[in-house]
Amino acid sequence: MNFSIQPFLENEKYQLIPLQQGDFELLYHVASDPKIWEQHPNKDRYKREIFENFFQGAMESKGAFKIVEKSSGNVLGSTRFYDFEESKNSIFIGYTFYGTNSWGKDINPQIKKLMLDYIFQFVDQVYFHIGKENFRSQIAMERLGGQKIAEEEVAYFGEPTRTNFVYEIKKENH
């Protein structure tokens, strides 16, 4: 892999800043709302000890970001690149979450556009794991042009395996 999966990315309103160990408390402050995880396969991530494991997985991925609103400096959530596969020239984007005060404000499409515009310089396909019961994220993915192509069991870092749909966005369709 001759590119970074953890670059600094930004547009007029938002920054994707590589996640650092010192970001835990800021991110946990956002993630500690149970409502965020209601439709997620791992519904307990609002609990500190469960989120600590999630955060550790984010750090070990070396592709995770905190999402920051430039005007306020507030951390809105997190996302990451993961599972680059050279033979398929593909990568995943996922583990994305936002605080509820960021929902419905057209933030996710802007963040995904930043990520897709960057990563499509290097890969031909981007995949997304979306929880089987995560209807909010399924709708968001379809709005971004994602096509559901499979269903698979996903082993989350230190968490139980869960059924996810796999969505795909191809470079030529972006």
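- Both tests hold for Lys148 against Phe165: distance to the six-membered ring centre under 6.0 Å, angle to the ring axis within 45°.
- Applying the 6.0 Å contact sphere to NZ of Lys43 captures more than 12 heavy atoms from other residues, nucleotides or ligands.
- Two residues are said to be in side-chain contact when any heavy atoms from C-beta on lie closer than 4.5 Å; Asp83 and Ile91 fail this criterion.
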Handout entry: Worked check of side-chain hydrogen bond (donor to acceptor under 3.5 Å, both in side chains) between Asp33 and Tyr46
Key = CA-CA 6 Å; Asp33 180 351; Tyr46 69 92; over 6 Å; no
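- The environment of Arg48 atom CZ is dense: over 12 non-hydrogen atoms of other residues, nucleotides or ligands sit within 6.0 angstrom.
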Exercise for the section: Any chance you could lay out the side-chain hydrogen bond (donor to acceptor under 3.5 Å, both in side chains) test for Lys112 and Thr96, step after step, and finish with the verdict? Expected result: CA-CA 10 Å; Lys112 291 300 191 296; Thr96 306; 3.3 Å; yes
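- Using modelled atom types, one finds no donor on one side chain facing an acceptor on the other under 3.5 Å when comparing Glu52 with Tyr28.
- For Glu152 and His129, the side-chain atoms include at least one donor-acceptor pair closer than 3.5 Å.
- Side-chain contact between Phe8 and Ile17 is present, with heavy atoms from C-beta onward closer than 4.5 Å.
- Ring geometry for Phe51 against Phe55 counts as tilted: the plane angle lies between 30° and 60°, on a 0 to 90° scale.
- Expressed to the nearest 0.5 Å, how far CG of Asn173 lies from CD of Glu168 amounts to 8.5 Å.
- Surrounding CD of Glu133 are at most 12 heavy atoms belonging to other residues, nucleotides or ligands under 6.0 Å away.
- Contact detail for Ala58 and Leu19: the closest heavy-atom pair is CB-CD2, 3.7 Å.
- In this structure, Asn74 CG and Leu26 CG are separated by 9.5 Å, a value rounded to the nearest 0.5 Å.
- Pairing each heavy atom of Leu144 with each of Asn108, the nearest pair is CD1-ND2, 4.4 Å.
- For Pro18 against Gln6, the heavy-atom pair with the smallest separation is CG-O, 3.3 Å.
- Linking Ile, Leu, Val, Met, Phe, Trp and Tyr residues whenever their side-chain heavy atoms come within less than 4.5 Å leaves Trp103 and Ile139 in two separate clusters.
- Between the Lys105 side chain and the Asn101 main chain, a donor and an acceptor come within less than 3.5 Å of each other.
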Problem - Candidate pair Ile111 and Tyr98, rule side chain to side chain contact (heavy atoms under 4.5 Å, CB included), full reasoning - result: CA-CA 11 Å; Ile111 298 303; Tyr98 297 92; 3.4 Å; yes
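- Donor-acceptor pairing under 3.5 Å is lacking for the side chains of Glu153 and Thr161.
- Annotation: cation-pi pair Arg80/Phe97 absent, no NZ/CZ under 6.0 Å from the ring centroid and within 45° of its normal.
- Aromatic rings of Phe3 and Phe84 (six-membered ring for Trp) have centroids within the 6.0 Å cut-off, being under it.
- When all heavy atoms of Val123 and Lys171 are compared, the pair lying nearest together is O-CD, 3.6 Å.
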Handout entry: Evaluation steps, salt bridge (Lys or Arg N to Asp or Glu O under 4.0 Å), between Glu151 and Lys132
Key = CA-CA 8 Å; Glu151 185 174 317; Lys132 190 176 181 175; 3.7 Å; yes
Handout entry: CA sep, side-chain torsions, deciding dist, call: Glu159, Arg45, salt bridge (Lys or Arg N to Asp or Glu O under 4.0 Å)
Key = CA-CA 10 Å; Glu159 294 179 347; Arg45 283 203 187 134; 2.7 Å; yes
Practice task
Assess whether side chain to side chain contact (heavy atoms under 4.5 Å, CB included) is satisfied between Val126 and Ile119, documenting all intermediate values.
Solution key: CA-CA 8 Å; Val126 176; Ile119 206 65; 3.6 Å; yes
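- Atoms CG and NZ, on Leu27 and Lys66 in that order, are 9.0 Å from each other to the nearest 0.5 Å.
- Looking at Trp37, its side chain never comes within 3.5 Å of a backbone N or O of Lys47 through a donor-acceptor pair.
- Inter-residue side-chain proximity for Leu16 and Ile67 is flagged as met; some heavy-atom pair is nearer than 4.5 Å.
- Among all heavy-atom pairs drawn from Ile93 and Tyr82, the shortest one is C-CE2, 3.8 Å.
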Exercise for the section: Go through the steps to decide whether Asp23 and Val75 satisfy the test side chain to side chain contact (heavy atoms under 4.5 Å, CB included), and finish with yes or no. Expected result: CA-CA 9 Å; Asp23 294 327; Val75 174; over 6 Å; no
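- With hydrophobic clusters built from ILVMFWY side chains whose heavy atoms lie under 4.5 angstrom apart, Ile50 does not share a cluster with Phe54.
- Using cut-offs of 30° and 60° for the angle between ring planes, the Tyr127 and Phe92 rings count as tilted.
- Interatomic distance, Tyr118 OH to Leu9 CG, rounded to the nearest 0.5 Å: 7.0 Å.
- Counting only distance, with no hydrogens or angles, the side chain of Gln110 and the backbone of Tyr14 share no donor-acceptor pair below 3.5 Å.
- Partner of Lys70 under the side chain to side chain donor-acceptor pair (under 3.5 Å) criterion, out of Gln15, Glu10, Glu12: Glu10 alone.
- Between Ser32 and Pro34, the shortest heavy-atom distance links the atoms O-CD, 3.3 Å.
- Side-chain heavy atoms closer than 4.5 Å link hydrophobic residues (I, L, V, M, F, W, Y) into clusters, and following such links, even through other members, never connects Phe135 to Ile130.
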Practice task
Evaluate the side chain to side chain contact (heavy atoms under 4.5 Å, CB included) criterion for residues Met115 and Thr79: first the C-alpha distance (whole Å), next the side-chain angles of each, then the deciding distance (0.1 Å), finally the verdict.
Solution key: CA-CA 10 Å; Met115 296 177 82; Thr79 191; 3.5 Å; yes
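- Linking ILVMFWY side-chain heavy atoms closer than 4.5 Å, directly or via other members, places Met141 and Ile107 in a single hydrophobic cluster.
- Atoms CG and CG, on Asp117 and Leu114 in that order, are 7.0 Å from each other to the nearest 0.5 Å.
- For the atom pair Ile169 CD1 and His174 NE2, the distance stands at 8.0 Å (nearest 0.5 Å).
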